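Keep in mind that what you see is a predicted model, and the values were worked out from it rather than measured. Whatever order the structure lists them in is the order used to number ligands and atoms, beginning at 1.
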Amino acid sequence: MATEPREPAPRRPRLLMVPPEHYGILYEINPWMHREVSVAASTAVEQWTRLRDLLSGPLGADVHQASPQPGLPDMVFTANAGLVYGDRVILSNFRYPERQGEARHFARWFEEHGFRVEYLPAHLSFEGEGDALFLGDTLFAGYYWRSDVRAHSRLSEMLGVRVLSLQLVDPHYYHLDTCFCPLDEQTAAYYPPAFDDYARRVLAANVPQLIEVEPAEAARFACNAVVLGRQVALNTGCPVFESRLRDLGFTPHATPLDEFLKAGGSAKCLTLHLDRQPLS
Ligand code: ARG
């Protein structure tokens, strides 16, 4: 008797992270960073490890790790390494010289792990998934503080996807992933004051269900959440957003990330999705 074809086991989502061995506030390139506020190194390691274990345990991800490099304290924020699409990665062109040294280390990691590394023209800044998030088959892309709007049209040509450009206006929310979080094909959370009027209209017209995050929770980086199916990993201190998530059928997992807020980053910034797939 013929056996029933078995469903292939669902693939575990893959994420890239960099351990915080060389993390610290060595310069100031966003309003959250103050050199005089020191990072508690052992707490940072503990918080990072808890996040990694949450993602690879209950949230079911395969977490890959790239090596941290001395003198590149922001390398922990791997969302800025580039934008993965299938087996391709569009590498970031970091705006500030302080972070530009990260690019070659990330390029090497991608090459060694079977990705095709592609480059934007050098004069166009682009900070990877920090400023470019898919919702369905549309790429929502932030610009002004870190990425150039002209990089978006190049991205659209290179990837053959629809890109909607959104201007960011508040320096505290300098990357799109600090103020916008796609939850599923229909739904995204956002912090409206981070966007200009036109961007807010673009969002309203293109996202069927928009969830507003309140100011105090936006400042706790509520939008900077890692979404894996219906599971959401985020910083502590966002109870209103958490209960909204539950109402929508998501399960929030709060984990303390205060040491990383000191550099202007949280859960999402600390991870890069390695399996964004072109929809066929
Ligand atoms: N200190 C880093 C910077 O200013 C934080 C990056 C946060 N990353 C993110 N994807 N939002 O570049």
Side-chain angles (χ1 to χ4, degrees), residues 15-39 44 47-48 51 55 66 68-69 71-84 89-103 105-106 125-134 139-148 151 166 168-182 188-191 194-195 213 218-227 233-235 257-274 276:
L15 300 172
L16 180 64
M17 295 180 76
V18 169
E21 216 168 294
H22 301 293
Y23 170 62
I25 315 294
L26 308 188
Y27 48 77
E28 300 175 6
I29 57 171
N30 70 53
W32 306 92
M33 301 176 89
H34 303 289
R35 253 169 304 193
E36 66 279 9
V37 175
S38 59
V39 164
Q47 295 185 342
W48 184 92
L51 175 68
L55 296 170
Q69 301 295 326
L72 296 173
D74 275 338
M75 240 186 124
V76 285
F77 298 113
T78 48
N80 300 124
L83 177 69
V84 171
V89 58
I90 312 296
L91 206 72
S92 289
N93 284 338
F94 287 93
R95 168 140 298 164
Y96 291 109
E98 288 87 339
R99 294 199 68 181
Q100 286 166 359
E102 297 176 30
H105 298 288
F106 284 125
S125 298
F126 172 62
E127 295 202 353
E129 207 181 58
D131 263 336
L133 296 164
F134 279 101
L139 186 63
F140 289 78
Y143 69 93
Y144 187 69
W145 304 106
R146 298 299 182 89
S147 298
D148 292 323
L166 305 167
L168 305 176
V169 295
D170 180 338
H172 290 89
Y173 301 97
Y174 54 92
H175 278 139
L176 183 65
D177 69 359
T178 64
C179 51
F180 178 69
C181 178
Y190 80 134
Y191 178 54
F195 297 90
V213 166
R220 294 287 301 161
F221 279 67
C223 295
N224 200 246
V226 182
V227 182
L234 76 171
N235 187 29
L257 291 163
D258 296 272
E259 291 305 321
F260 299 97
L261 261 61
K262 293 175 179 173
S266 184
K268 173 68 196 72
C269 304
L270 293 168
T271 60
L272 176 74
H273 286 275
L274 292 175
R276 292 297 185 225

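E127 and H175 share a donor-acceptor pair across their side chains, judged by distance under 3.5 Å alone.
Each of I29, N30, M33, D74, F77, A79, N80, R99, G130, R146, Y174, H175, D177, T178, A263, G264, C269 has a non-hydrogen atom positioned under 4.0 Å from some atom of ligand 1.
For residues 17-27, the set of pairs meeting the salt bridge (charged side-chain N to carboxylate O under 4.0 Å, His left out) definition, not counting sequence neighbours, is empty. Sorted by first and then second residue, the pairs that involve residues 23-32 and meet side-chain hydrogen bond (donor to acceptor under 3.5 Å, both in side chains), not counting sequence neighbours, are Y27-D74, N30-Y174.
Screening D177, N80, L168 for a side-chain contact (heavy atoms from CB on, under 4.5 Å) with D131, the sole residue that qualifies is L168.
D170 is linked by a salt bridge (charged side-chain N to carboxylate O under 4.0 Å, His left out) to nothing, counting only residues two or more places apart in sequence or in another chain.
A donor-acceptor pair under 3.5 Å links the side-chain atoms of S92 to the main chain of G128, judged by distance alone.
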